[in-house]
Structure formats: C-alpha cells, structure tokens
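Working notes for the structure below.
Source: prediction; values computed, not measured. Atoms considered below: every heavy atom in the structure, side chains included; atoms not considered: hydrogens, waters and symmetry mates. A note on names: the letters A, B, ... follow the listed sequences, proteins ahead of strands, and every chain is numbered from 1.
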Amino acid sequence: MPSVAGEVRLQTMQTDMLPLTFKKTERLCHRSLIGELFDKGVSFFEFPFKIIYLQLDAKDSLAAEIPAQVLFTVPKRNHKKAVARNRIKRLMREAYRLNKAELYTALQSENKQLVLVFIYTNREMPEYRQAERKIKQAIHRLIHDITKKTSS
RNA sequence: GCAGCAGUCUGUUCUGUCGCUCCGGCUCAGGCCGGUGAGGAAAGUCGGGACAACACAGGGCGCCAUACUUCCUAACAGGAAGGGCUCGCCGCAAGGCGGGUACAGCAAGUGCCACAGAAAAUUACCGCCCCGCAUUUGCGGGGUAAGGGUGAAAACGUGAGGUAAGAGCUCACGCGGCGCAGUGGCAACACGGCGCCGGGGUAAACCUUAUGGGUUGAAAGGCCAUGUAUAUUGCGGUUUCCGGCUGUAGCCGGAAGAUGGUUGCCCGCCGAAAUCCUCCCUGCUGCCCGACUGCAAUCACGGUGGCGGGGAUACUAAGGAUACCGCAAGGGGUAGGCCGUUAGAGCUGUAUCGUGAGGUGCAGCCCGGAUAAAUGACAGAAGUUGGCUUGCAAAAGCCGAUCACAGAAUCCCGCUUACAGGACUGCUGCCUUU
RNA sequence: UGCGGGGUGGAGCAGUGGUAGCUCGUUGGGCUCAUAACCCAAAGGUCGGUGGUUCGAAUCCGCCCCCCGCUA
C-alpha cells in the first residue's frame, strides 16, 4: 500500500525537533543581501541545480534565531512560460522544506548563518522524487563544506 | 443519425497528511484556532477609460487618429440592428438562405500607372476618306476614331439613321453618373419621374472634407527614513513711466514689461516674488530627537522656537546680511518602509423596457492582494479519454495520460491570439424511420 | 511595467510599388612544380509567417511569431 508508506514517512519526519514550516523569515527577500550573495558567494553544481551560498560573519542582517535564508530561481532563458517556472520553484521549495532540518542542526551546532540560492539550470521539467534526491545531496555537500571550513 | 458552416457556453472533482499568502481572534512567547486564495483568456500590450501628477484665456496653421447609417456605452479603431457592395448554395425565373466587407471624396487639385503598345488621358502606328503633286508602287497637307494589334486597364453597349470616311453626330432601347423635386424610411438608402452628362484606375499615393485629440504613466503620485541636493557654480532679476487719492508712507487704475510660460510654429494671451538689522551668559516652557518593527522608542545630552533676566558693544538706513524668483551647468549618494491597493462602469438572482447591443428597478452577497513575488507537494479514490483482453450485447478487468491553453502584479471595458475534451443553438446537404 | 529597433542566398548588408542585388564564402575551370593571390564561369533566395489593398507587394495596411536594445 503506497498510501500508508507515504503517511508513515511523513510521520517519522514529524518526530524530528524542527517543524516542517517554511516561513517568510526563512526566505531571502532583502534586495541588497541578494546582490551581495551573487557578488561574493561560493558556488557549486549538483546537477540540475547550481547552488550559491554565502556565510554571514556578524549578525548584521539576519535575526538571531534563523539559521539560513534561501532563494529559489529559474532562468527565463530555459523556461519561457510562467506556469513552468512557478511549478519548478514550488517543487524546489517543497523539497527544501522537507529536508532542511539536517542543514539547520549543522548550522546551529557550528553557530553560523547562511544565505543561499538554488538555480535550476535544466531545460526539462523535473520529477519531484528526482529533484528531492538531488536537493538532499546538495544539502549534504553544503554541510560538508561548512564543517570543513571551520576545522581548517 | 451523420457531415459542413456560423455562433454561444463549459473546461476535472473529492478525501487524508505536510506546507504557503492575507484577514480576524487568542497567547508572555514559540505558536494555536477560524476564515480566505488565479483565468476565460490572468497572455499579447492592440484600442479605450478610471486614477494620478504636471500644464491650460482664446484663435489659426501644422501633427496624429477615425471614416455607410442609426443606436449602445464612461469611452473606444469595440458591440447591436439596418443599408450598399461582393462571394457561395438553391431556384427556369422572380427571389430565398448563408458568409465576407478599412464601405467618405479620383466628377476639387497634384502625382503615379513598369513591360508591351501609336497612345496610359488635350492619343493616332497600320487602316479608312478627301485635297494637292507625281500619274507606278509613292510623297505632302488635312479629316476620322468604326476595324486591327498591345495590355491588368484603350474614351458607354446593341441596333438603325447619317456621312467623303466616320464618330452620342442624331434617334430607339439599355447601362452608369450628377442635379432637382416626389413617395417610403429617424437615417444610410430604396422606388419611380424630369433635366443635363458619358469624366480609365489608384486616396492601405500626396491630399480634400467632416469629427475627435494637452503631456506623461503606478517605475504615476503622496508621506516617512537615509544623505551635504533647499548642496554648489554662473548669468539675470526682486522694477520703470503716467494719472488719481492722500495721512507723504503707501493705496488704486492704466501703459511698458526681463528671464519665461502657453501643444511643434505664429498671432494673441498670461506673467512679478522681501524680510531683517550686534554678540555672550542664564531661567522657564513647547517641539524635534529612526520609517518599519516592537508591550514599550521615554528621560538626559544636543538642536530649535517662544517668553523673561543679566552683561558687553553700536547709534541708523548710505549700506550690510540673509532669503526668494527665473534660466543654464551640475559629481555623487540612498536602493528601505507605509499609503496609492482592491467595494468595483462589482457579482448573483429576479422583474421590466428594447428587434438587439444594452438600460432601469428590487433583493441578496463581499469574492486574491503577493512584491526574488502566496494560491503548493505527496498519497488514494472518482471522472474523462486512448490501447489491450473477455463478452452477442450491456458491461467488466488491466495498462497508460503528472489529463487543453495557460499563472494575477494599479484597476476596469473591449479586441486579438492559444486551447484536449464536452454541451447547446441556428442554417444547409445526405441517409433512415413514420 | 512601459517603450523602441530589426527579420532579404551559408555570413554581413543594399533595395520605400514594376525582372531581388553587392561583398565575402561555396563549386567548377584557368594560371603555378604546388598553395595563396589573380582571371573566367556557375549554383544558391517560401524576402519571418498569414490575410488584405493594388493590374502588380520584399516595399503599403492588419494580425501573429522570433531576435536585439532602452527604462530600476
């Protein structure tokens, strides 16, 4: 029964410490911060995503209790129709929302804050499951990068 | 029943889990509860408005747009009804039905009409006819536009008269145009009558006529925060003359009137802005002292205004200071918030008026408001549809389709374009049954 | 959001109603021992699409598609 399996999966995730919400404070809305991110941020590819992130040093812009602010974007060049762009962004956001807990705990343990952007670079429409897998991989790599930087 | 054409409407639903936007309520807070949430095209940005800022006595020219009539509308290049023209089908015909239509004027002027052709608009190559000279084919002058050929298009058509040959030159019938009055119609127009005329096409060629049009767009605009921009620099100016009143400081009227403004140009018109007179110390008092956020932005310091007190200095409009007005130049900085912003040419129902687009009345309802931009993801079920299997059929089972076009960005009315499938209406044709 | 410009052989561009052209490139031939240059010749174009106006449209008009640019 796939329905039961799906519900079980969600219930197990609910038992985690962090809730699965995705509020406005977790999204990157500040114009100048976005500019700074694209200007100075570090980037890597996890096909079909390009991820750019920037660690914030002082607590200048973000509120203290928020570990990270994120932004999802799809270039108009690859997807001409607004419907397609909206859908891809929604899928990305959903995958991030369900898998961000690990990143948050890692950041809190390192006492760091982060702004990051996911850019969808493929011309094809994504499958949800595939997108979720790739975003998980990207988050793992992100955690790896952060912890390595602090240790070195 | 099927096909074609034209038009109208609709365009997936339910359940569970986890989420998002806005609104309301509760909570010290994390958060919780309730409600709410894409389209017929939200698209293209092609018309027109609302709204906003700036501008604006008025007239002429220019520029842009529109173009059968009447009506609808806030308005439109939109729509409705009607008329003309045209195409298709049916019919022997009269006519009927359906589709299309940028449909004012070339008979106001100017331009253009390749090639061909004599000539593309004051035509004359071949031809026909007359006269003169040669008397042989021909040459010269004139008349003519019926015939020939060219072309997309050749100077009303047919017949008769007429003539040297011919020609609307004349006549009959017909076709078309203009004018006049008549009948029907609100009108476009239709019908028949009289008179005159026969002028090719092209205005999606310039143009003419009529009508309309201020410019810029929510990145408008308002408030707040930040910043040295009310910065700074240059030029010019904050009047002159006349008359009257009169308290001699001004007031009233007229003329002139810089830089300028008025839609691109011209005329014309508009067009005038100001106060003060040193500095220091001190008391009381008012205001400012971060928009947002937040339960809360206070006090003090500092700044500034008012009313006082004290001290020093100066002695009166020559001048000085600051301020203001217009034009030109002008490097950089801020990149945030709130309002505008969603109750509206609104939606639903109903009655009524109208052929119709639509109008009016009554009742009920509140129905997105985001801003790197919410309206979603997953799972299941139903529906639709395609394929396969079973079955005479009805139907059943399995597999598939992330199930048409597509996502609000100030709002509204239209137009245009995209659109799986489904429903309905009208007309035409064919077939079947009665 | 508001607006502007453009689409013509393989490439870059002319052509504003009357037979679609130029330069480079391509192909064939010549010249040369050979290549380049040079000379001669040839091929190659639904003029972005689709309707309309006109005797006639790349050109004029409507609608649609695509590309580029400006506006913070």
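With a 3.5 Å ceiling on both atom-pair distances, the Watson-Crick or G-U wobble partner of B:A312 is B:U278. Here B:U69 sits opposite B:A81 as a Watson-Crick or G-U wobble pair (both hydrogen-bonding atom distances under 3.5 Å). Pairing for B:A408 is absent, judged as Watson-Crick or G-U wobble with the two contacts each under 3.5 Å. With a cut-off of 3.5 Å on both Watson-Crick or G-U wobble distances, the partner of B:G140 is given as B:C131. Remark: B:G174 base-pairs with B:C156. Criterion, Watson-Crick or G-U wobble with two distances under 3.5 Å. Nucleotide B:G333: unpaired (no Watson-Crick or G-U wobble partner with both distances less than 3.5 Å). Both distances falling under 3.5 Å, in either a Watson-Crick or a G-U wobble arrangement, place B:C307 opposite B:G283. Of all nucleotides present, none satisfies the Watson-Crick or G-U wobble test against B:G30 with each distance under 3.5 Å.
Atom-to-atom, CD of A:Glu132 to P of B:G376 comes out at 19 Å; the value is rounded to the nearest Å. Residue A:Lys89 contributes atom NZ, which lies 17 Å from atom C1' of B:A377 at whole-angstrom precision. A:Tyr96 has its OH atom 15 Å from the C1' atom of B:C20, to the nearest Å. For the pair A:Ile135 CD1 and B:A377 C1', the computed distance is 12 Å after rounding to whole Å. Nucleotide B:G376 holds its P atom 17 Å from the CZ atom of A:Phe72, rounded to whole Å. In this structure, A:Asn99 atom CG and B:C378 atom P are separated by 14 Å, rounded to whole Å. For the pair A:Glu94 CD and B:C18 P, the interatomic distance rounds to 13 Å; values are reported in whole Å. Separating the CG atom of A:Asn86 from the C1' atom of B:G368 is a distance of 15 Å, rounded to the nearest angstrom.
Classified by its glycosidic torsion, B:U137 falls in the syn category, the angle being within 90° of 0. For B:C92, the O4'-C1' to base torsion is more than 90° from 0; the nucleotide is therefore anti. Annotated as syn: B:G40, whose O4'-C1'-N torsion sits within 90° of 0. Glycosidic conformation, B:G168: syn, with the torsion inside 90° of 0. A glycosidic torsion no more than 90° from 0 defines the syn conformation; B:A52 lies beyond that range and is anti.
Side-chain atoms of A:Arg90 lie closest to B:U375 of the nucleotides B:U402, B:A379, B:U375. Here B:A379 is the nucleotide among B:A38, B:A379, B:C18 with the atom lying nearest to any side-chain atom of A:Arg129. If you check B:C18, B:A373, B:C378 against the side chain of A:Leu71, the one that comes closest is B:A373. Relative to the side chain of A:Val83, the nucleotides B:C18, B:C378, B:A406 differ in distance, and B:A406 lies closest.
Nucleic acid contact class of A:Arg85 (heavy atoms, under 4.0 Å, all strands): none.
Between A:Phe118 and A:Ala138, the shortest heavy-atom distance links the atoms CE2-CB, 4.3 Å. A:Thr121 and A:Lys50 get closest at one heavy-atom pair: CG2-CB, 4.1 Å. Residue A:Lys134 comes nearest to A:Glu46 through the heavy atom pair O-CG, 3.8 Å, listed as atom of the first residue, atom of the second, then distance. Residues A:Ile139 and A:Asn99 come closest through the heavy atom pair CD1-O, 3.5 Å.
The nearest heavy atom of RNA chain B to A:Glu127 and to A:Arg87 marks one nucleotide each, and the one closer to the 5' end goes with A:Arg87. Nearest-nucleotide mapping onto RNA chain B: of A:Leu91 and A:Thr73, the residue sitting toward the 5' end is A:Thr73.
The side-chain heavy atoms of A:Tyr120 and A:Leu91, taken from C-beta on, include no pair separated by under 4.5 Å. The side-chain heavy atoms of A:Met92 and A:Phe49, taken from C-beta on, include a pair separated by under 4.5 Å.
For the atom pair A:Leu107 CG and A:Ile146 CD1, the distance stands at 4.5 Å (nearest 0.5 Å).
When the P atom is compared between B:A65 and B:G82, the two are found 33 Å apart, to the nearest whole Å. Comparing B:G100 with B:G7, their P atoms sit 7 Å apart, to the nearest whole Å. Distance check on atom C1': B:A396 versus B:G376 gives 37 Å, rounded to whole Å. Using atom C1' as the reference point in both B:A75 and B:A345, the two lie 10 Å apart (nearest Å). Between B:A102 and B:G78, the distance separating the two C1' atoms is 15 Å to the nearest Å. Nucleotides B:A351 and B:U15, compared at atom P, are 35 Å apart to the nearest Å. When the P atom is compared between B:U416 and B:C367, the two are found 34 Å apart, to the nearest whole Å. Using C1' as the reference atom, B:U298 and B:G24 are 32 Å apart when rounded to the nearest Å.
Applying the 4.0 Å criterion to OP1 and OP2 of B:U21, one finds that A:Arg93 has every side-chain N and O outside that range.
For the pair A:Arg141 (side chain) and A:Phe45 (backbone), a donor-acceptor distance under 3.5 Å is present.
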